[in-house]
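As structure tokens, the structure follows; a few thoughts come after it.
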Amino acid sequence: MTRARVAVVISGEGSNMAALLYASCLPGSPFEVVLVASNNPDAPGLTLAQGEGVATWSLSHKGLSREAFDEALHQAIASARPDAVALAGYMRLLTPGFVQRWRGRLLNIHPSLLPRYRGLDTHQRALEAGDAEGGCSVHLVTEEVDAGEVLGQIAVAIQSDDTPESLAARVRLAEHQLYPATLAAYVSRHQDAGWIEARVDEIARELPEVSRKTSHGAPGWAVGTEKTAKLFAIIADRHHGEEAIGLLVKASGADEMNGLIEADPGLYYWPKYYGASGWLGLKLNRPDTDWTQVRDWLERSWQAAAPPRLTKLMRAAEEF
Ligand code: GRF
């Protein structure tokens, strides 16, 4: 199994980084830590990482513009070729440029149950509000601080004698469980047939008159009215021992299919049984699926299956 490469960015203690690093040592971990980076050359976490044989990079942000520092950080991270970047107690705001370059691959851990208490002093705010529980969240990073999609959370009960410090200490224990598990699920999502199906569903439903239909029990999408609905896409989840979780779409015929498979065998395959009826397989359980290409294939396959009344409409809309 190739493991996802993860860069961790810290400013201080680095206890979450350590939790990620040691979780990555467990057998079967789907990720490895390839770099620990910091804006603080004295961060204790750097020493820990070095001791474990992990590459580190640090540069003090002092005296540098935010843009200049983020550019240096970007270069350092990019040269480690990570699949994901985990912010773990990174105490600086990132420039929108940095966030955009790593969009979809940039995660953060925040010590509150988001969307409650973005920003600082989360524990104190939870106590002042009289909340019954605090907690922690792992979320995707977007330009707006602590506002990206929440990927996982753990709630931590608040005790009557809690101080911000005592609550923070317990939340930290929960963080050390949450981050490795959430990161592991996130970097493995492309092997999850349910996740793949949900993404295809989102795209397929943008096309006109699409409904769900199964093909020999496999999830599929059809176009047309209830009576005429014709399949144009099917998910074959490791069908008959195949390695691929594949999206089956209609190609023009065997010649085109053979040509595509020869040109790009990492993406295209000849699906068992279905291939003979003109279905081409696209392997979707890959970390680097090009979803624009998937969208193009779905549209093409939809056009091949849709009744003329719909394809005419589509063509008219395109010419418009
Ligand atoms: C954690 O509480 C984390 O939620 C927040 O900063 C703290 C970092 O702690 N973003 P550590 O450096 O991982 O020990």
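Whatever order the structure lists them in is the order used to number ligands and atoms, beginning at 1.
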In sequence, state the C-alpha distance, the side-chain angles, and the governing distance for Tyr117 and His123, and then conclude on ring-ring contact (aromatic ring centres under 6.0 Å, His included). CA-CA 9 Å; Tyr117 314 128; His123 307 299; 9.5 Å; no
Handout entry: Residue pair Glu71, Arg101: steps toward the salt bridge (Lys or Arg N to Asp or Glu O under 4.0 Å) verdict
Key = CA-CA 11 Å; Glu71 178 59 31; Arg101 284 153 127 176; 3.0 Å; yes
Discussion item. Pair Thr56, Gln50 - check side chain to side chain donor-acceptor pair (under 3.5 Å), show working.
Written reply: CA-CA 7 Å; Thr56 60; Gln50 278 155 11; 2.9 Å; yes
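Sorted by chain and number, the heavy-atom contacts of ligand 1 below 4.0 Å come from Glu13, Gly14, Ser15, Asn16, Gly89, Ile109, His110, Pro111, Arg172, Glu175.
Counting heavy atoms from C-beta outward, Tyr274 and Ile234 have side chains that approach closer than 4.5 Å.
Take His216 and apply the ring pair (Phe, Tyr, Trp, His ring centres under 6.0 Å) test, not counting sequence neighbours, and it matches no residue.
Ring-plane geometry between Tyr268 and Trp297 is classed as perpendicular, the angle between the planes exceeding 60 degrees on a 0 to 90 degree scale with a lower cut at 30.
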